[in-house]
Amino acid sequence: MAYDFTAAEKKWQEHWERSGAFRTEDGSARPKFYCLAQFPYPSGAGLHMGHVEIYTYADIIARFKLHQGFEVLHPMGFDAFGLPTENHAIKEGLHPAIITERNCANFRRQLKDMGFSYDWSREVTTSDPAYYRWTQWIWKRLYEKGLAYKAEVPVNWCDTCRIVAANEEVDAEGLHERCGKPTRARRRSQWMFRITAYAEQLLKGLEELDWPESSKKAQRDWIGRSEGATVFFGLAEHEGRIEVYTTRPDTLFGATYMVLAPEHPLVGRITVPGERAAVKAYVERAAGRSEFERGELNKEKTGVATGAYAINPVNGERIPVWVADYVLMSYGTGAIMAVPAHDERDFEFARVHKLPVIEVVRPEGAAPSTLEQAHTGEGVMVNSRHGDLDLDGLRQREAVAKTIAWLEAKGLGQRKVNYRLRDWVFARQRYWGEPFPIYYLENGAAALLDDGDLPLELPEVESYQPTDNGESPLAPLENWIRFKDRQGRTGRRESDTMPNWAGSCWYYLRFMDPHNSREFATLERQRRWGRVDVYVGGTEHLNLHDLYSRFWQRALFDLGLVAEPEPFQKLLHQGMMLGPDGSKMSKSAGNVVNPDQILVDHGTDVLRLNLCFMGPVEANKPWSEEGLFAMRRFIGRVERLYAEHEAWEEGEGELAARIALHRTVKAVTADMERYRFNTAIARLMELLNELQRQVRRGRKALEAFAVMLSPFAPHFAEEMWERLGHGGGITRAPYPGFDESLCAEEEVEIAVQFNGKIRLRAKVPGGLGAAELQARMLELPEVREKLAGKPPLKVIAVPGRLVNIILGGG
RNA sequence: GCUGGUGUGGUGGAAUCGGCAGACACCCAGGACUUAAAAUCCUGUGCGGGCAUUAACCCGCGUGCGGGUUCAAGUCCCGCCACCAGCACCA
């Protein structure tokens, strides 16, 4: 009887649902395993191959852990707030909630057709008021802790669409994704998160995580910790001082000018009358340019002099103060001391604007130099002596320490650690997001909604289009904006909404306790499920979602609201599914592979096997049509193995089969633990080849094979399991164990090399030590003949592998 | 520019520690079964040569390129090249 995948998939999916096969028990005594794949944004296009890939990997891990006897938490939900839905709603004239429901239903159907082992009773949707009630609640806690604040920051304004573009809608060149026209910076007061307050913790916390080293490094670099000093420069003709941050206080004697960012508050005050027009023009031009434009490479460094002078604290020199946009207001103090001799950017600027260059670090043994380029490397201090501070002759480390000590003693500066990480703009001028549970009283003070008034639901609106003045579509809704609070005061609600990262910052917590209407998740449940043991997802959100979640988790941990300081213990990154031509799947390239169609033509098990067999989880893999047929053949061959009842016998079968079985179990188990699915399948194929050679096949071997295959081809494995006489339910059948003594080779082939070249092979019993192996090989007639009575110069014997005989001469 | 990753047969990819390169598949070729085809099964399959007769066998070369260390290098070291990804004036 041939295997009918369509019928089998339907049959077993119904069986799993009916029997509650994947219902997770919070109170079970089994050890826990939390397996999570990044939940999808339910777009109108439905599941694409990338989704299928990531959810397949997670499902294989979850099912493997079920076989190993874990209580597995493997939930699924939808990250449903966001712009595409809103844009779609505008186009179709339907409410975003309706579009969302439609898209979720479609995703849910597709995911169910794939037979994934989710506990669907835990499904959550971030745009559901019962969910975002808690997103708002958590935001309140973070606000109360002082981590949320309002500040004036730029938004991306598109003049063409007359709309605020979210950062996700703007590409690297600052072009609006929808119209392809440039966006510009427009300043606006909006909500922020003080993620920088957690910079050090987020950095240190990485140490305890089991993430790929490259991912840890990406976050480390993003946080960008640097050590240096703040230094105060007095002003020659003005009150006050300029504070700068530098990582090179040792080069203070080389500072020949200073630069303020165009937005720096001192610019207006210190600019001399003669330079005001030029400075004003420069600052205005900079203000209209987005960060993208300013960051453009290979452009000449621009700037204007303010006409004011600062005093270098180490030697009292008067140095000019400039304004230039290569200094960013958002990093450090927004002002720098420029040391052109030892900083490439300052050097370039100094050359363009004819500013002096003073060498203070000289490479060891080098002659004094007029410097054709900045020397940023090591060296010995020169030209660095004045008054009671003498750095000459010191190496960099000592010079830094000595300078900082000197500055601190004089009150002219101090040691300082700085981070590249910026505070997080947590606001959108759009409709389809969580409203902020905050409002403003007539006196301007902000007030929080009571917890009891949550969720603050989105109102119905006529138009989802943001307004021309850059406000959200909620802003014109006076009926909603204006309200009387519990104390009878008139308040105006915040009209911005939260960005679509909000709901995903904590969804992994909600899965632990999804129906709780009193808490977002009890500590008891959190202790039960702990951290996500393996989190499957792409690298593209590493410095966004993955970092944001860590920040929320740590902040909530400090508030005693969560049980763990870190959310994701292990990260598993899947590679990209490429089109059959090896390039990125895209509609324009016409190489998109539709998973729905493959399900119809080949079934989900074959699709899963093909995805896994194509290559390692982390690698980008071109889609293989041929592979699909290969996996069908594989399934067909296995099916025939289980059809030939007359070849079965009780037990594990012949010795050769037993040895093959135990070796396979050992190897496949190791592969599964390391997520090496492609080689695990290859080993199952090898075992299949061996079993096919056997005249009599042990039932035990067939059972073990079915269980090992089950994570990859669950429907098919259930079918074979049933043929073996079991009732339904391979999903929790124990994973096979192995006997180490059967895994050892009893006979091995040894390669015999002369001078490193293989000249013959010989079989010897396994387990021979180096000395005995060597002795045996030298006895071989072929070897004696080659040696012709002369003793070898040297012999290297590697047990189980080879013997290398080194002959003298040529 | 900086950082990280990748580079292995006609193709996808294997190869814990430096120890028989190419597991497992795909493709292709030949064969069996068949009236025939499909399906299935079997055999072969890195390149070049000894060897224009098959088989067995033998020799040389071979993991992006060029050097090096080592008895032994896909694996380690130095210098390049190509592609991919992330960051991109962070003082």
Side-chain angles (χ1 to χ4, degrees), chain A residues 2 172 212-215 217-218 220-222 224-226 228 244-248 251 259 261 291-292 294-299 301 324-328 330-339 342-346 348-349 376 418-422 538-540 542-543 575-576 578 582 584 610 613-616 618-631 633-634 636-637 640 667 670 674 676 678-686 688-689 692 748-761 792-807:
Chain A
E213 210 36 59
S214 58
S215 300
K217 190 173 188 310
R220 274 192 204 110
D221 290 351
W222 185 259
R225 184 183 200 274
S226 74
V244 304
Y245 171 72
T246 178
T247 54
R248 296 292 305 274
T251 62
V259 184
E291 283 205 13
F292 300 108
R294 287 201 207 177
E296 254 172 48
L297 219 58
N298 299 330
K299 63 154 204 201
K301 291 222 174 337
D325 68 0
Y326 82 92
V327 172
L328 309 172
S330 51
Y331 182 78
T333 61
I336 62 158
M337 64 176 209
V339 184
H342 306 291
D343 182 282
E344 282 166 17
R345 296 151 303 177
D346 297 343
E348 197 189 321
F349 189 85
T376 56
N418 228 330
Y419 301 91
R420 207 191 77 113
L421 184 70
R422 306 295 156 82
T539 52
E540 66 274 13
L542 204 61
N543 288 332
M576 221 192 317
L578 306 172
K584 213 167 174 167
N610 191 38
F613 192 65
M614 284 185 309
E618 298 87 352
N620 294 338
K621 296 160 285 276
W623 175 255
S624 164
E625 175 85 17
E626 294 77 25
L628 230 30
F629 288 95
M631 292 307 121
R633 273 198 290 277
F634 172 59
R637 289 175 65 200
R640 259 165 270 133
R674 287 154 62 214
R676 306 285 292 267
N678 56 334
T679 51
I681 293 170
R683 294 187 203 279
L684 289 175
M685 288 174 168
E686 284 178 302
L688 167 66
N689 292 340
Q692 275 188 325
V748 289
E749 195 180 67
I750 300 295
V752 182
Q753 300 180 329
F754 285 89
N755 291 339
K757 287 186 193 297
I758 295 164
R759 284 299 176 261
L760 67 124
R761 294 164 212 277
L793 272 187
K794 190 175 177 183
V795 181
I796 293 107
V798 182
R801 299 274 179 187
L802 55 72
V803 172
N804 191 6
I805 300 164
I806 313 305
L807 305 171

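In what follows, chains carry the letters A, B, and so on, assigned in the order in which the sequence lines appear, proteins first and then strands, with residues in each chain numbered from 1.
- Among residues two or more places apart in sequence or in another chain, the side chain to side chain donor-acceptor pair (under 3.5 Å) test is passed with A:Y419 by A:E200.
- By the salt bridge (charged side-chain N to carboxylate O under 4.0 Å, His left out) test, A:E213 is found to be paired with A:R220, residues two or more places apart in sequence or in another chain being considered.
- Using a 4.0 Å heavy-atom distance criterion, A:R759 is classed as a sugar-phosphate-only contact.
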What nitrogen or oxygen pairs link the protein and nucleotides 46-50 of chain B at under 3.5 Å?
none

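- Stem analysis of RNA chain B (Watson-Crick or G-U pairs, both distances under 3.5 Å, runs of at least three) returns B:1-7 with B:81-87, B:10-12 with B:24-26, B:28-32 with B:40-44, B:46-50 with B:57-61, B:64-68 with B:76-80.
- Within the nucleic acid shown, A:E749 comes within 4.0 Å of at least one base atom, counting heavy atoms only.
- As judged by a 4.0 angstrom heavy-atom cut-off over every strand, A:R676 is placed among residues touching the sugar-phosphate backbone only.
- Using C1' as the reference atom, B:C27 and B:G46 are 15 Å apart when rounded to the nearest Å.
- Comparing the same atom, P, in B:C33 and in B:A38 gives a spacing of 15 Å after rounding to whole Å.
- Taking syn as a glycosidic angle within 90° of 0, B:G50 does not qualify and is anti.
- Comparing the same atom, C1', in B:U3 and in B:U16 gives a spacing of 28 Å after rounding to whole Å.
- Residue-level contact check: A:A218 touches neither bases nor backbone, having no heavy atom under 4.0 Å from any strand.
- The residue A:T539 sits apart from the nucleic acid: no heavy atom pair falls under 4.0 Å.
- The heavy-atom pair separating A:N804 from A:G756 by the smallest distance is OD1-N, 3.0 Å.
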Taking only N/O atoms, report every protein-nucleotides 5-13 of chain B pair under 3.5 Å with atom names and distance.
{"residue": "B:G12", "atom": "O2'", "partner": "A:M614", "partner atom": "O", "Å": "2.7"}

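- For A:A682, whose side chain is taken as the heavy atoms from C-beta onward, the closest listed nucleotide among B:C41, B:A23, B:G60 is B:A23.
- By the rule that a glycosidic angle within 90° of 0 means syn, B:C71 does not qualify and counts as anti.
- Heavy atoms of other residues, nucleotides or ligands lying less than 6.0 angstrom from CD of A:E344 number 12 at most.
- Atom C1' of nucleotide B:A91 and atom CZ of A:F349 are separated by 14 Å, given to the nearest angstrom.
- Here A:K217 pairs with A:D221 under the salt bridge (charged side-chain N to carboxylate O under 4.0 Å, His left out) rule; sequence neighbours left out.
- The residue A:K584 sits apart from the nucleic acid: no heavy atom pair falls under 4.0 Å.
- Taking for each of A:N689 and A:Y245 the nucleotide of RNA chain B with the nearest heavy atom, the 5'-most of the two is the partner of A:N689.
- When each of A:R640 and A:F629 is assigned the nucleotide of RNA chain B bearing its nearest heavy atom, the one mapping closer to the 5' terminus is A:F629.
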